[in-house]
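Reviewing the structure listed below.
Throughout, protein chains are lettered first and strands after them, A, B, ... in sequence-line order, and every chain is numbered starting at 1.
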2 protein chains.
Amino acid sequence: MAEDTARTAESEQLEGSGQLEGAERQPPAGRDAEAVGQFVERFAARLVEAGLPRMPSRIFAALLASDSGSLTSAELGEQLRISPAAVSGAVRYLSQQHMVSRERDPGSRRERYRVHSDQWYEALANRDTVMKHWEAALRDGVHSLGATTPAGIRLAETLAFFEFVETEMPGLLSRWRIRREELFGEGPRG
Amino acid sequence: MAEDTARTAESEQLEGSGQLEGAERQPPAGRDAEAVGQFVERFAARLVEAGLPRMPSRIFAALLASDSGSLTSAELGEQLRISPAAVSGAVRYLSQQHMVSRERDPGSRRERYRVHSDQWYEALANRDTVMKHWEAALRDGVHSLGATTPAGIRLAETLAFFEFVETEMPGLLSRWRIRREELFGEGPRG
DNA sequence: CGCGGCATTCACAAATTTGTGAAGTTAAGG
DNA sequence: CCTTAACTTCACAAATTTGTGAATGCCGCG
């Protein structure tokens with residue numbers, strides 16, 4: 001996989017928000033570019049294991065690790081050392097999965113991709129559409145195999161489970177929001 | 001692909017229990033081999049979309065669609081028209097994910113692979129180990145990026161969400177069991 | 001109104017993954 | 001103790017997927 005990753009990494013534009021360095025900009029590149037990179041790698045690996053394609057995983061992880069929660073295509077490309085095409089493709093994928101949203105900086109036409117703090121696990125829970133597909137397939141199966149056959153019954157049961165989970169989701173999320181409030185006060189950024 | 005596989009196939013033990021159709025029953029082989037196959041295809045497709053490899057998906061779907069909830073390697077190979085090697089590999093994968101369990105028929109050394117009615121969605125919920133890995137990665141990230149940086153905070157929040165979900169799981173599952181009882185009486189098979 | 005920069009799309013090349021055939025291993029049955 | 005039938009492992013071939021380079025389209029700015 002030739003991952004001898006170049007070292008210098010002048011990725012200082014990684015900073016986006018109040019990064020009052022001021023002090024000797026001498027310290028290691030960017031902020032802990034090293035540490036950031038490592039985290040991105042690791043977390044992306046988890047996502048890959050979970051079934052997400054490689055590039056989308058890396059990009060998502062990078063966004064998650066960025067201070068502003070958003071990066072432009074160029075920044076992503078540079079940080080991850082991938083071509084604009086790769087960024088484009090991966091970002092399209094993530095948009096379709098509702099895992100990132102695209103914004104437009106008023107001035108330039110650099111597009112920003114962002115993870116809303118909440119959005120992403122809500123998306124994770126919100127597999128609504130996906131769920132629906134599964135349920136459709138299962139319903140179909142119940143019908144095909146016969147609702148009274150053992151297999152049909154098993155399928156019906158599985159279907160019921162999906163429906164049950166769907167039912168539970170709203171409550172779970174609202175409990176989460178409460179807990180989140182407890183832990184973090186009101187959320188800092190959107 | 002060489003499909004010269006013997007078709008003689010005494011796979012009648014596929015049936016397990018009462019076959020009480022009534023309406024126009026299609027005499028063709030097995031039961032509705034046609035319909036079964038179609039369901040297996042479709043459901044497997046969903047699983048693939050969800051990130052599961054192809055063969056494991058097909059095998060899992062086939063097991064789900066079988067009346068007894070269990071099939072032998074040979075049966076799987078024949079029904080899906082794949083080689084024993086493919087069955088072996090896929091089944092190993094599924095075992096590792098705890099999506100099937102292996103049994104041993106006392107007499108012959110044909111191995112049976114089975115989906116417990118519950119087991120599989122419990123496994124789906126029980127991504128314990130997986131969860132732990134994610135949490136570890138996140139914890140690591142919080143530390144690397146600094147617990148007070150915006151990115152670090154976002155990560156901590158995500159971590160909290162995972163922990164929260166883990167907390168909720170037991171309750172959710174037990175509510176499910178109750179509901180399951182309501183809907184299906186006491187579960188038929190284990 | 002035209003220029004300059006960005007992002008997207010297309011087609012291809014490379015790399016990873018997938019599934020098969022054949023040999024290897026273990027265990028039942030004569 | 002040997003034969004036989006299964007499952008597993010190994011190495012390879014094929015097919016799908018992945019990421020890049022180059023060309024195209026867009027939009028804001030001068």
Review point. What is the nucleic acid contact for A/R102, judged by heavy atoms within less than 4.0 Å: base, sugar-phosphate only, or nothing?
Key: sugar-phosphate
Point to revise | With B/Y93 via ring-ring contact (aromatic ring centres under 6.0 Å, His included) - residues at least two apart | key: none
Please list, for nucleotides 18-22 of chain D, all pairs of protein and nucleotide N/O atoms separated by less than 3.5 Å.
unit_1 : atom_1 : unit_2 : atom_2 : d
D/dT20 : OP2    : A/S83  : N      : 3.1
D/dT20 : OP2    : A/S83  : OG     : 2.9

Study note, to complete from the structure: note: B/I59, atom CD1; D/dC7, atom P; distance rounded to Å ~ 12 Å
Revision key, fill the gap. Rounded to whole Å, the CG-C1' distance (B/L71 to D/dA6) equals 17 Å
Review point. With sequence neighbours left out, what residues match B/E41 under side chain to side chain donor-acceptor pair (under 3.5 Å)?
Key: none
Review point. Between C/dC6 atom P and A/E75 atom CD, what is the distance in whole Å?
Key: 11 Å
Between N or O atoms, less than 3.5 Å apart, protein on one side and nucleotides 28-30 of chain C on the other: list the pairs.
none

Practice item. Select base, sugar-phosphate, or nothing to describe what B/Y113 touches, counting heavy atoms under 4.0 Å on all strands. Key: sugar-phosphate
Check your understanding: Taking the side chain of A/S88 as its heavy atoms from C-beta onward, which of C/dA7, C/dT9, D/dC7 lies nearest to it?
Key -> C/dT9
Exercise for review: To the nearest Å, give me how far apart CZ (B/R110) and C1' (C/dT26) are.
Suggested key: 17 Å
Check your understanding: Considering residues at least two apart in sequence or located in another chain, which fulfil the salt bridge (Lys or Arg N to Asp or Glu O under 4.0 Å) criterion with A/R175?
Key -> B/E168
Practice item. Taking salt bridge (Lys or Arg N to Asp or Glu O under 4.0 Å) as the test, write out the residues that go with B/R102, two or more places apart. Key: B/E111
**Study point:** Criterion side chain to side chain donor-acceptor pair (under 3.5 Å) on B/R112 and B/T72, from CA distance to verdict
**Key:** CA-CA 4 Å; B/R112 300 191 78 80; B/T72 66; 5.6 Å; no
**Study point:** Pairing residues for A/E163 by the side chain to side chain donor-acceptor pair (under 3.5 Å) criterion, not counting sequence neighbours
**Key:** A/R139
Point to revise | All side chain to side chain donor-acceptor pair (under 3.5 Å) counterparts of B/S73, not counting sequence neighbours | key: B/Y113
Practice item. Please name all residues satisfying side chain to side chain donor-acceptor pair (under 3.5 Å) with B/Q96, sequence neighbours left out, ordered by chain then number. Key: none
